[in-house]
Amino acid sequence: MKFCSHCAHTVVFEIPAGDDRPRHLCRACGAIHYVNPRVIVGTLPYIGEQVLLCKRAIEPRHGLWTLPAGFMENGESSEQGALRESWEEARARLRIDELFAVYDIPHINQVYLMYRGELTDMDFGPGPESLEVELFEEKDIPWDEMAFPVMTQTLKHYFRDRDNGVFQLHREVIERKL
């Protein structure tokens, strides 16, 4: 950040009084510009023994498979955002069962909230951000073509929980691999 979004003066990067970490500060108007993690919301859509995956039509990871997910918007709950992303990416309608997984990914400043939800009908298809949308049984998941490790982890938790007959909330911090 070079300029204040409030008054357009240049900003400095230093620790404000009463704080413990550097922030972008405007000495002209006194604004402190906080940069906070981004929240990604998504779903693990299922019906019977199958899960719904989307093949990405956009970067990053164009052409690889993922669960429907994206950035939460202002003015919506995390569940509303997850349902919106399911519609935008897969034209899928779901009945949300529960929050299924929370992933903190500090090195990229992201928090993922993944909901488990049952498809309410079989009327789905690719939205503008997807090349394809397909139902997969566990044995047919394209594991080597998954776009993001967090989605692979979510699927692994799902199949393990399904096999055990008990779904639980999964919470993890995913650290950068060196």
Side-chain angles (χ1 to χ4, degrees), residues 37-73 76-178:
R38 293 181 280 174
V39 178
I40 291 84
V41 291
T43 61
L44 191 158
Y46 70 90
I47 191 160
E49 297 294 309
Q50 298 177 308
V51 296
L52 186 72
L53 297 179
C54 305
K55 186 179 267 190
R56 292 179 59 81
I58 60 172
E59 291 296 344
R61 310 285 193 200
H62 180 274
L64 297 178
W65 293 94
T66 188
L67 294 166
F71 294 110
M72 187 172 158
E73 298 287 349
E76 68 184 3
S77 71
S78 59
E79 187 173 315
Q80 288 169 332
L83 289 169
R84 175 186 49 76
E85 286 291 340
S86 297
W87 174 254
E88 287 178 2
E89 294 187 11
R91 297 299 187 234
R93 287 178 287 280
L94 313 173
R95 178 189 49 77
I96 295 290
D97 294 328
E98 62 194 351
L99 180 62
F100 182 67
V102 178
Y103 301 100
D104 294 310
I105 311 177
H107 68 277
I108 57 173
N109 305 315
Q110 293 181 350
V111 175
Y112 279 73
L113 302 173
M114 298 297 296
Y115 288 87
R116 187 170 60 88
E118 186 172 14
L119 290 164
T120 59
D121 58 53
M122 297 297 285
D123 186 21
F124 56 81
E129 296 179 5
S130 299
L131 297 169
E132 298 175 45
V133 177
E134 189 174 331
L135 286 169
F136 290 92
E137 291 188 18
E138 181 179 8
K139 66 181 176 54
D140 299 321
I141 298 284
W143 295 108
D144 293 337
E145 298 175 43
M146 293 300 296
F148 306 106
V150 70
M151 299 308 179
T152 300
Q153 188 68 9
T154 301
L155 287 166
K156 287 180 180 180
H157 286 311
Y158 173 76
F159 291 124
R160 192 174 311 120
D161 286 2
R162 187 186 70 182
D163 291 346
N164 292 334
V166 178
F167 290 100
Q168 59 183 333
L169 177 62
H170 299 275
R171 297 180 58 197
E172 293 181 42
V173 176
I174 299 174
E175 300 291 345
R176 178 188 313 237
K177 292 182 180 177
L178 299 177

*Show your reasoning for whether side-chain hydrogen bond (donor to acceptor under 3.5 Å, both in side chains) applies to Thr154 and Tyr112.*
CA-CA 10 Å; Thr154 301; Tyr112 279 73; over 6 Å; no
*With a 4.5 Å limit on heavy-atom distance, are the side chains of Phe71 and Val39 in contact?*
no
*Checking side-chain contact (heavy atoms from CB on, under 4.5 Å) for the pair Glu172/Gln153: CA distance, chi angles, key distance, verdict?*
CA-CA 10 Å; Glu172 293 181 42; Gln153 188 68 9; 3.2 Å; yes
*So, do Ile108 and Arg38 sit near enough that their side-chain heavy atoms are less than 4.5 Å apart?*
no
*Candidate pair Val51 and Leu44, rule side-chain contact (heavy atoms from CB on, under 4.5 Å), full reasoning*: CA-CA 7 Å; Val51 296; Leu44 191 158; 3.7 Å; yes
*Side-chain ion pair, Asp104 and Arg171, N-O less than 4.0 Å*: no
*Taking all non-hydrogen atoms of both residues into account, name the closest pair between Asp97 and Glu118 and its distance.*
OD2-N, 4.1 Å
_Under 4.0 Å between a side-chain nitrogen and a carboxylate oxygen: does that hold for Arg162 and Glu138?_
yes
*Nearest heavy atoms of Ala69 and Ile40, plus distance in Å*: CB-CG2, 4.0 Å
*Heavy-atom count around Arg61 CZ within 6.0 Å, excluding the residue itself: above 12?*
no
*Interatomic spacing from OH in Tyr46 to CG in Leu94 - rounded to 0.5 Å*: 9.5 Å
*asked:* Please report the interatomic distance CZ(Arg91) to OG(Ser130), rounded to the nearest 0.5 Å.
replied: 9.0 Å
*What do the steps show when you test Phe124 against Leu135 for side-chain contact (heavy atoms from CB on, under 4.5 Å), and what is the final call?*
CA-CA 10 Å; Phe124 56 81; Leu135 286 169; 3.7 Å; yes
*asked:* Using side-chain heavy atoms (C-beta onward) and a distance below 4.5 Å, is Gln168 in contact with Asp161?
replied: yes
_Please find the pair of heavy atoms, one from Glu89 and one from Leu67, that lie closest to each other, and give the distance._
OE1-O, 4.1 Å
*Side chain proximity check, Lys156 to Thr152, heavy atoms < 4.5 angstrom*: yes
*Taking atom OG1 of Thr43 and atom CZ of Phe100, what is their separation to the nearest 0.5 Å?*
12.0 Å
_CA sep, side-chain torsions, deciding dist, call: Leu64, Glu145, side-chain contact (heavy atoms from CB on, under 4.5 Å)_ = CA-CA 5 Å; Leu64 297 178; Glu145 298 175 43; 4.2 Å; yes
*Taking Glu88 for its side chain and Glu85 for its backbone only, find out whether a donor-acceptor pair lies under 3.5 Å.*
no
*Check whether any side-chain heavy atom of Cys54 lies under 4.5 Å from a side-chain heavy atom of Pro126, and answer yes or no.*
no
*How long is the gap from CD on Gln50 to CD1 on Ile141, to the nearest 0.5 Å?*
9.5 Å
*Taking side chain as C-beta onward, heavy atoms only, is Ile96 less than 4.5 Å from Glu79?*
yes
*Could you check if a side-chain atom of Leu53 sits within less than 4.5 angstrom of a side-chain atom of Pro142, using non-hydrogen atoms only?*
yes
*CG of Asp144: more than 12 outside heavy atoms within 6.0 angstrom?*
no
*At what distance, to the nearest 0.5 angstrom, does CG of Leu83 lie from OG of Ser78?*
10.0 Å
*asked:* Can you classify the ring geometry of Trp65 versus Phe136 as parallel (below 30°), tilted (30 to 60°) or perpendicular (above 60°)?
replied: perpendicular
_Taking every non-hydrogen atom, the tightest pair across Gly81 and Val41_ = C-CG2, 3.5 Å
*asked:* Can you tell whether the side chains of Glu76 and Arg84 come within less than 4.0 Å, N to carboxylate O?
replied: yes
*Gap separating the CZ atom of Arg56 from the CE atom of Met146, nearest 0.5 angstrom*: 11.0 Å
*Between Glu134 and Glu132, what is the shortest heavy-atom contact and its length?*
OE1-OE1, 3.9 Å
_salt_bridge(Asp121, Arg93) N-O dist < 4.0 Å_ = yes
*Looking at side-chain heavy atoms only, is the closest gap between Val133 and Leu52 below 4.5 Å?*
yes
*asked:* Ignoring hydrogens and geometry beyond distance, is a side-chain donor-acceptor pair present between Ser86 and Tyr115 at under 3.5 Å?
replied: no
*Work out which heavy atom in Ile174 is nearest to a heavy atom in Pro106; give both atom names and the distance.*
O-CD, 3.6 Å
*asked:* Does the structure place the NZ or CZ of Arg116 under 6.0 Å from the centre of the six-membered ring of Tyr158, at an angle of no more than 45° from the ring's axis?
replied: no
